[in-house]
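Below is one structure, written out as structure tokens, with a few remarks after it.
Below, read A as the first sequence line, B as the second, and so on, with proteins coming before strands; counting in each chain starts at 1.
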2 protein chains.
Amino acid sequence: LLTEAQRDRLEVVLVSPRNPLNIGAAARAMANFGFPRLTVVAPYAPHWQEAQSAVGAEALLINAQQTESLAEALARCTLVLGTGTLTYRKPEQRVVSLPDLAPLVHAELARGGRAALVFGPEKHGLTREDLSYCHLLVEIPTSAQQPSMNLGQAVAVCLYELGTHGFAADHTQASGSAAAIASASDHEPGAAAQRGAAAERLERLAGVVEQAMVAAEYSPAAMREANRHDLRLLLRRLAPTDRDARRILGLFRRILWRLER
Amino acid sequence: LLTEAQRDRLEVVLVSPRNPLNIGAAARAMANFGFPRLTVVAPYAPHWQEAQSAVGAEALLINAQQTESLAEALARCTLVLGTGTLTYRKPEQRVVSLPDLAPLVHAELARGGRAALVFGPEKHGLTREDLSYCHLLVEIPTSAQQPSMNLGQAVAVCLYELGTHGFAADHTQASGSAAAIASASDHEPGAAAQRGAAAERLERLAGVVEQAMVAAEYSPAAMREANRHDLRLLLRRLAPTDRDARRILGLFRRILWRLER
């Protein structure tokens with residue numbers, strides 16, 4: 001099963017949760033399955049304080065990290081997993097069914113990477129902008145009649161799956177489709193070299209590429225927002241290793257320097 | 001995956017639930033994973049009515065069956081699964097870890113049996129008496145620091161597992177240890193003959209055996225309660241098929257008739 005150090009590198013990220021009971025339930029599920037790292041992005045302050053000061057609140061809830069933006073919450077993460085209902089939205093990322101997820105996450109954690117499971121607000125879930133930070137979307141196989149899960153229950157089901165399922169046997173089965181993201185075997189000596197680039201490096205890379213696009217007058221200014229979105233998605237699809245991301249960053253810095261002279 | 005008819009033969013049984021939000025969450029998880037049969041045993045009336053009349057309550061909650069006793073709720077069930085935290089209690093039944101449970105349940109449903117997942121009250125869980133109606137105890141693998149799950153989340157995790165995991169491949173793996181309870185393959189022609197006896201038949205059998213014990217002056221009257229408990233457990237361990245249970249019942253009726261002459 002996952003080591004303590006590996007569990008410590010899987011973060012649960014709640015984006016603007018509203019209901020204090022849901023926040024408490026998410027923290028409870030994390031304690032149940034032994035995942036200690038919780039980050040909350042831009043919570044509604046009164047409800048967040050209520051959840052933290054509730055009788056019997058989990059220690060991990062009281063010690064949770066709080067950030068203003070999702071990008072900040074994900075800065076150190078090398079594999080970002082978005083959750084939510086896909087019924088009303090055509091996903092722009094690869095979708096993985098929850099029963100197939102564990103091998104991908106375990107491989108990334110085994111090679112020293114840091115994974116994040118991102119949950120959106122109760123009402124409308126993650127926005128298209130939020131999802132553009134995700135490498136993969138996780139689909140919990142639910143009934144077509146009632147596809148949308150309660151937040152606390154969705155966290156419980158995901159952590160149960162990741163904490164309990166999908167080792168050895170499943171790994172080989174999933175590796176075909178996992179390609180770039182989870183191609184390294186768990187105990188390979190050069191595992192660190194296969195680790196994904198952290199979100200902050202991908203963002204830095206995206207920033208430099210965008211500057212290069214502007215400098216090269218790649219497209220009209222009106223297209224800049226759409227391009228930024230597409231670029232973010234492209235980098236998650238490519239899922240470069242940290243080493244490769246640094247190489248590409250170096251190249252674009254050089255290109256940018258040239259373009260701006 | 002499970003057919004609609006099979007899902008319809010898996011019952012979720014909540015024994016004396018207290019919190020209306022937990023009842024609603026349990027029903028939500030059932031709707032999410034497509035299991036429509038809910039039974040509530042001896043609920044606290046005001047909270048039960050509050051849960052049923054909540055805005056957005058699931059149809060299956062409004063249509064739930066209500067009974068006074070657990071025995072009544074389980075009458076037609078051929079495989080009864082108890083849930084709860086085992087940390088403080090030495091179980092008297094075989095314990096199955098949730099990731100290993102699905103093949104046993106699927107096999108019983110495939111041969112036309114009816115399974116029940118039984119959840120106790122939030123505070124103290126199922127009693128020893130409640131558990132004596134169970135063939136197996138299900139253990140959700142949780143952290144030793146926080147083993148006790150929230151009711152709604154426990155229901156979600158169990159139904160996720162049963163609705164999603166453990167087909168074909170897992171079946172062969174588990175069949176060795178499943179022995180009497182799940183020995184038949186799913187598509188065997190004589191599957192119905194392998195189906196377990198329903199709880200009401202086991203109770204009738206236990207009643208006749210107990211009468212025979214009394215008639216035979218098997219033990220002092222002071223032992224009668226303890227014997228009844230042990231007998232109930234014994235019959236679940238034996239897990240006779242319905243046909244065998246009828247045979248044994250016939251034998252004990254004959255014995256009793258002889259003893260009482």
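A distance of 12.5 Å separates CE of A:Met30 from CD of B:Gln146, quoted to the nearest 0.5 Å.
When heavy atoms are compared at a cutoff of 4.5 Å, A:Gln153 approaches chain B by way of both its backbone and its side chain. With a 4.5 Å cut-off on non-hydrogen atoms, A:Leu159 does not touch chain B at all. Within the 4.5 angstrom heavy-atom criterion, only side-chain atoms of B:Leu21, from C-beta onward, approach chain A. For chain A, the nearby parts of B:Ser148 are the backbone and the side chain; heavy atoms of each come within less than 4.5 Å. Using a 4.5 Å cut-off between heavy atoms, B:Ala59 does not touch chain A at all.
Listed here is the closest heavy atom pair of A:Ser143 and B:Gly34: CB-N, 4.0 Å. Looking at every heavy atom in both residues, A:Met149 comes nearest to B:Arg28 through C-NH2, 3.4 Å. Scanning all heavy atoms of the two residues, the minimum distance from B:Asn150 to A:Asn32 falls at N-OD1, 4.5 Å.
Between A:Tyr160 and B:Thr142, the closest side-chain pair of non-hydrogen atoms is not below 4.5 Å.
Within residues 37-48 of chain A, no residue approaches chain B closer than 4.5 Å by heavy atoms.
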